[in-house]
Amino acid sequence: MRYSGFRVIREALTGHKGWGPAWRDATPQASYDYIIVGGGGHGLATAYYLAKEFKQARIALVEKGWIGGGNVGRNTTIIRSNYLLDGNEPFYEFSLKLWEGLEQDFNYNAMVSQRGIINLYHTDAQRDAYTRRGNAMILHGADAELLNRDQVRAMYPFLNFDNARFPIKGALMQRRGGTVRHDAVAWGYARGASDRGVDIIQNCEVTGFRREGGRVTGIETSRGFIGAKKIGVAVAGSSSKVMAAADMRLPMESHVLQAFVSEGLKPVIDGVMTYGAGHFYVSQSDKGGLVFGGDIDGYNSYAQRGNMPVVEDVAEGGMSLMPMIGRARLLRSWGGIMDMSMDGSPIIDKTDIEGLYFNGGWCYGGFKATPASGWCFAHLLATGNPHPTATAYRFDRFRKGLMIDEKGQGAQPNLH
Ligand SMILES: Cc1cc2nc3c(=O)[nH]c(=O)nc-3n(C[C@H](O)[C@H](O)[C@H](O)COP(=O)(O)OP(=O)(O)OC[C@H]3O[C@@H](n4cnc5c(N)ncnc54)[C@H](O)[C@@H]3O)c2cc1C
């Protein structure tokens, strides 16, 4: 069933009786050509592009809980391609281009909103770093603009410009950045994959990998054994646990990141804003809530909830940037598990086990990567070769010293 304006009107006039389920809830078959483990954005996008772009069939996606219950439905919905390093920028720009055509591509309203993102700077050194980053973005075909203080003030007059400990001097802006309704991304990809024959199997936890002579032959699950020729793992915060079942120890730690939503307010922030003197970022949802977050909790955990000291830290960041936020009541907060890699960049690669592939290490920036991650992982699974924009995301970069350390923090997962 195609969604369209005409269809909405027809259903409205006929009592909404014609809507079917958006995707089939499949039961597992004995074997498949491809199994994707993890029904987050990355797993679903991989299954979708495998079927649609790479014309593969006999594909299953297994999810231990329900579609969209992980980080794809827990993030703060920001998309952008404002990266500095060669290994990253082409990949994230590829992703942003896919976002720009995504709703037409999978025929689903994901509320892609290119409302612009600004990164505020507060010192001359920070301005120079943003100038360099903006130039790198432009050289890679992305858009970037350096705004001065007056331009930022014209956009957001309520910021604390004059009486601040860290005065705002300007911002790096990417107008094509913005937000996307996160759970609709999961639903859109699930629907598109299911329509193309992918079996989406929920409530099916992978507990092990069966191997014969150095290659995988299938997965052990809470619903029994399922055979497969190729298996792609995309389980984000659970990466280290799931890959341990294949006897792999990953260069990765799991940490909690929290998000917060205020009560609904009149429109006040029409884009996305990040604070340059503390870790705080904010946008406003279509329902009016201020959606904001800050740093990870900073200790290893697999719990999808956070702790009070970080709530306080994020609130302090918000107060020092826009003091009026202190008048808003906080409605909701939650946490998600981050797969923090040693250099802050992801991995999309084969493993040493024939037929087993891995996608993870997205830290707290994997939502914006969803389309490109799915496309590049599908490319690797179908062709055996990395996609041109994802050649740097290999396991052996740590052995070879080819780190992609966007923040320059060194091998400290909790600092990226
Ligand atoms: C609070 C917060 C804010 C964020 N904000 C942003 C942002 O603004 N912009 C941005 O780009 N990124 C952001 N991120 C990061 C982003 O959400 C993640 O990097 C990305 O969603 C991870 O990929 P995913 O969608 O595939 O993960 P998930 O949705 O977590 O998918 C992984 C799935 O694997 C399943 N799974 C785990 N173990 C098993 C198993 N054994 N068997 C079967 N299935 C299993 C899980 O149940 C889960 O559904 C944020 C994250 C959080 C938590």
Side-chain angles (χ1 to χ4, degrees), residues 23-48 50-51 56 58-74 186 189-190 193-194 198-212 214-250 252-254 301-304 336-339 346-362 366 370 373-374 377-378 380-381 395:
W23 66 87
R24 286 176 302 114
D25 204 8
T27 44
Q29 294 175 19
S31 71
Y32 294 89
D33 286 352
Y34 296 91
I35 290 180
I36 308 301
V37 183
H42 294 227
L44 289 160
T46 305
Y48 173 77
L50 255 182
Q56 301 300 303
R58 295 184 18 90
I59 305 164
L61 178 140
V62 293
E63 161 56 46
K64 80 171 175 190
W66 67 95
I67 297 304
N71 289 345
V72 68
R74 292 170 180 269
Y189 275 124
S194 178
V198 174
D199 277 359
I200 294 176
I201 304 162
Q202 301 180 87
N203 298 310
C204 183
E205 180 171 3
V206 174
T207 52
F209 298 90
R210 201 178 280 183
R211 283 179 270 171
E212 276 169 32
R215 81 171 340 277
V216 281
T217 55
I219 49 172
E220 309 287 354
T221 79
S222 51
R223 295 171 70 172
F225 174 76
I226 312 174
K229 291 181 183 157
K230 290 185 179 177
I231 299 168
V233 176
V235 293
S238 303
S239 291
S240 41
K241 273 210 275 193
V242 172
M243 295 310 280
D247 300 322
M248 281 184 68
R249 185 159 174 249
L250 300 181
M252 230 167 260
E253 290 181 2
S254 288
S301 174
Y302 290 109
Q304 294 193 120
I337 317 165
M338 307 291 84
D339 37 342
I347 292 167
I348 304 176
D349 204 359
K350 298 173 183 177
T351 70
D352 288 338
I353 303 165
E354 185 71 24
L356 182 62
Y357 299 75
F358 177 75
N359 173 325
W362 293 100
T370 305
S373 165
F377 201 30
L380 179 68
L381 282 158
F395 278 114

Problem - Pairs satisfying salt bridge (charged side-chain N to carboxylate O under 4.0 Å, His left out), at least one member in residues 30-43, at least two apart - result: Asp33-Arg58, Asp33-Lys229

Fill in the blank from the handout: When rounded to the nearest 0.5 Å, the distance separating NZ of Lys230 from CG of Leu356 is 12.0 Å

Fill in the blank from the handout: When rounded to the nearest 0.5 Å, the distance separating CG of Asp339 from OG of Ser254 is 6.5 Å

Exercise for the section: Please report the C-alpha distance between Glu63 and Ile200 in whole Å, then the side-chain angles of each, then the deciding distance to 0.1 Å, and finally whether the side-chain contact (heavy atoms from CB on, under 4.5 Å) criterion is met. Expected result: CA-CA 8 Å; Glu63 161 56 46; Ile200 294 176; over 6 Å; no

Exercise for the section: Measure the spacing between CD1 of Ile231 and CZ of Arg215 and express it to the nearest 0.5 Å. Expected result: 9.0 Å

Completion exercise
Distance col, row Ser194:OG vs Asp25:CG, nearest 0.5 angstrom, shows 9.0 Å

Handout entry: Validation row: Leu250, Phe358 side chains within 4.5 angstrom (heavy atoms)
Key = yes

Completion exercise
Between Thr217 and Phe225, the two heavy atoms sitting closest are O-CZ, 3.7 Å

Completion exercise
For Pro28 and Ile201, the nearest pair of non-hydrogen atoms, with its separation, is CA-CD1, 3.7 Å

Exercise for the section: Give me the one residue out of Trp23, Phe377, Tyr189 that meets ring-ring contact (aromatic ring centres under 6.0 Å, His included) with Tyr48. Expected result: Tyr189

Practice task
Specify the closest pair of heavy atoms between Val198 and Ala51, including all atoms of both residues, with the distance to one decimal.
Solution key: CG2-CB, 4.1 Å

Practice task
Check Thr27 against Asp199 and note the closest heavy-atom contact, atom names and distance.
Solution key: O-OD2, 4.1 Å

Problem - From Arg74 atom CZ to Ile337 atom CD1, the distance as rounded to the nearest 0.5 Å - result: 8.0 Å

Without placing hydrogens or testing angles, list every side-chain donor-acceptor pair under 3.5 Å for residues 34-47, not counting sequence neighbours.
from	atom 1	to	atom 2	distance (Å)
Tyr34	OH	Gln56	OE1	2.9
His42	ND1	Trp362	NE1	3.3
His42	ND1	Ser373	OG	2.7
His42	NE2	Gly366	O	2.7
Thr46	OG1	His42	O	2.6

Exercise for the section: Output the distance between atom CD (Gln202) and atom CG (Leu61), rounded to the nearest 0.5 Å. Expected result: 9.0 Å

Practice task
Could you please spell out the steps behind the side-chain contact (heavy atoms from CB on, under 4.5 Å) verdict for Phe395 and Met248?
Solution key: CA-CA 12 Å; Phe395 278 114; Met248 281 184 68; 3.8 Å; yes

Completion exercise
Residues Gly70 and Gln304: closest non-hydrogen pair is CA-OE1, 4.3 Å

Handout entry: Working for side-chain contact (heavy atoms from CB on, under 4.5 Å), residues Met252 and Ile347
Key = CA-CA 10 Å; Met252 230 167 260; Ile347 292 167; 3.9 Å; yes

Can you give each donor-acceptor pair under 3.5 Å made by side-chain atoms of residues 235-245, sequence neighbours left out, with the distance rounded to 0.1 Å?
from	atom 1	to	atom 2	distance (Å)
Ser239	OG	Ala236	O	2.6
Ser240	OG	Tyr302	OH	2.7

